[in-house]
There are 2 protein chains.
Amino acid sequence: MASTPSSLSAVQLRAYFALTEVAGLLKHAVEQQLRDVGDLSWVQFQLLARLGLDSATGSERMTDLADGVVYSRSGLTYQAGLLEKAGLVTRAPSADDDRGVTVSITGAGRDRLATVMPGHVEVIRRQLFEPLSAKDTDALADLLVPVRDHMRAAPPRSATPRRRRES
Amino acid sequence: MASTPSSLSAVQLRAYFALTEVAGLLKHAVEQQLRDVGDLSWVQFQLLARLGLDSATGSERMTDLADGVVYSRSGLTYQAGLLEKAGLVTRAPSADDDRGVTVSITGAGRDRLATVMPGHVEVIRRQLFEPLSAKDTDALADLLVPVRDHMRAAPPRSATPRRRRES
DNA sequence: TATTGTTATACTCTATAACTATA
DNA sequence: TATAGTTATAGAGTATAACAATA
């Protein structure tokens, strides 16, 4: 209930800075590996991984992808175009909704993912998990998963421009 | 001792994805606030914060800044140039080493930081810390600080191009 | 010879706004 | 009228390589 203080506690600052630094360094290391081994950017990898690993069908609609990866629509169109040109995904009109576009990972896309994964995993393990015990890893996941869900719930949604309640 | 497996455990994946998503969403939200309120990019804010909050003197050398923020030299030169043009920092030859350049935050720089901080803190609190208890926050910091130190220790240093051991 | 920092350059990424087509 | 996606465009950020100056 107490009114929110206007600065963070020392512990909060430690946690915040550590989080951003870890994420930044990790992203940097991963990007280098992805670029070297698979000629993929971080975002492109995320899109492929979502299609090839998370999705059961290997397909998703543009809007869902944009939401998932935190992206503007046009940005996603751009990246999807690159991936399509590289033969890693295809785009086709959605079956149910003629406005929609369904993106699907191709065989070549899965191959590329397979090419990249071992080194990717290796980087993550060395950089992120080496200093963490199994118990630590568990704890970390249990802390961060609720935070992610909380962030996703209160949506600074990236895609759609808000516009409502003009009186 | 066991040879490293070629994929991550389910828990590791959960932790890894949650970490990157949280960091990504957080950065996104913060960037918007910084841009709206203080006309600062994420990196520019990090540089100012490092000078104004972390450093006792308000000054640091270019190389140290580049290392701290994970940055190429030329990228830092570019950003430092922007900050200088905006009057938020100054650059002067280092006292001890004539090759070096010392960057110092100005009064205007500290003002800008002060302008931006309340909203910044608010975003962090709402997005990141709202779902975390004090104990959770403690635990998170204790988990991530060692990881950060580990990453910094095994340096995929960004700045200097490696070149050594050519036989 | 190695290091510090800048410059020139080229490229990638991202967002905004305008537009088309379908619901 | 609202939503899905694309296009055009313009700007910011980043890295690489070549360079000058100092250690």
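Labels below follow one simple rule: chain letters A, B, ... track the order of the sequence lines, proteins then strands, and each chain is numbered from 1. Not measured: the values here are computed from a predicted model.
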Between [atom2] on [N] and [atom1] on [X], what's the gap in Å once rounded to a whole number?
X: W42(A); N: dG13(D); atom1: CH2; atom2: C1'; value: 19 Å
X: R61(B); N: dT3(C); atom1: CZ; atom2: P; value: 13 Å
X: Q79(B); N: dA12(D); atom1: CD; atom2: P; value: 11 Å
X: H28(B); N: dA12(D); atom1: NE2; atom2: P; value: 17 Å
X: E31(A); N: dT12(C); atom1: CD; atom2: C1'; value: 11 Å

For T77(A) and R91(A), run side-chain contact (heavy atoms from CB on, under 4.5 Å): C-alpha distance rounded to whole Å, both residues' side-chain angles, the deciding distance at 0.1 Å, then the answer.
-> CA-CA 10 Å; T77(A) 297; R91(A) 278 185 291 186; 4.1 Å; yes

Select base, sugar-phosphate, or nothing to describe what L65(B) touches, counting heavy atoms under 4.0 Å on all strands.
->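 If one applies the 4.0 Å heavy-atom cut-off, L65(B) turns out to touch nothing in the nucleic acid.
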
Reckon S94(A) touches a base, only the sugar-phosphate, or nothing at all at heavy-atom distances under 4.0 Å?
->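 No contact at all - S94(A) keeps every heavy atom at 4.0 Å or more from the nucleic acid.
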
According to a 4.5 Å side-chain heavy-atom criterion applied to Ile, Leu, Val, Met, Phe, Trp and Tyr, with indirect links allowed, do V145(A) and L140(A) form part of one hydrophobic cluster?
->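 No; L140(A) is not reachable from V145(A) via cluster members.
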
Looking at dC13(C), dT6(D), dA15(D), which one has an atom nearest to any side-chain atom of S72(B)?
->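 Nearest to the side-chain atoms of S72(B), counting from C-beta on, is dA15(D).
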
Straight-line distance of R50(A) CZ to D64(A) CG, nearest 0.5 Å =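 Between atom CZ of R50(A) and atom CG of D64(A) there are 7.5 Å.
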
Is any side-chain N of the basic residue among R14(B) and D142(A) closer than 4.0 Å to the acidic one's carboxylate O?
->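 D142(A) and R14(B): salt-bridged.
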
Could you go through nucleotides 19-23 of chain C and list every protein N or O atom that sits under 3.5 Å from one of its N or O atoms, giving the distance for each pair?
unit_1	atom_1	unit_2	atom_2	d
dA23(C)	OP1	D98(A)	N	3.2
dA23(C)	O4'	R99(A)	NH1	3.3

Going by heavy atoms in the side chains, are W42(B) and T20(A) under 4.5 Å from each other?
->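 In contact.
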
Does the side chain of E122(A) reach to within under 4.5 Å of the side chain of Q33(A), using non-hydrogen atoms?
->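 No, their side chains stay 4.5 Å or more apart.
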
Of all heavy-atom pairs between R61(A) and T102(A), which one has the smallest distance, and what is that distance?
->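 Distance-wise, the nearest heavy atoms are CG-OG1, 4.3 Å.
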
Provide a list of protein-nucleic acid N or O atom pairs under 3.5 angstrom, restricted to nucleotides 7-11 of chain C.
none

Could you check F45(A) against L48(A) for side-chain contact (heavy atoms from CB on, under 4.5 Å), going step by step and ending with a plain yes or no?
-> CA-CA 5 Å; F45(A) 171 74; L48(A) 279 188; 5.5 Å; no

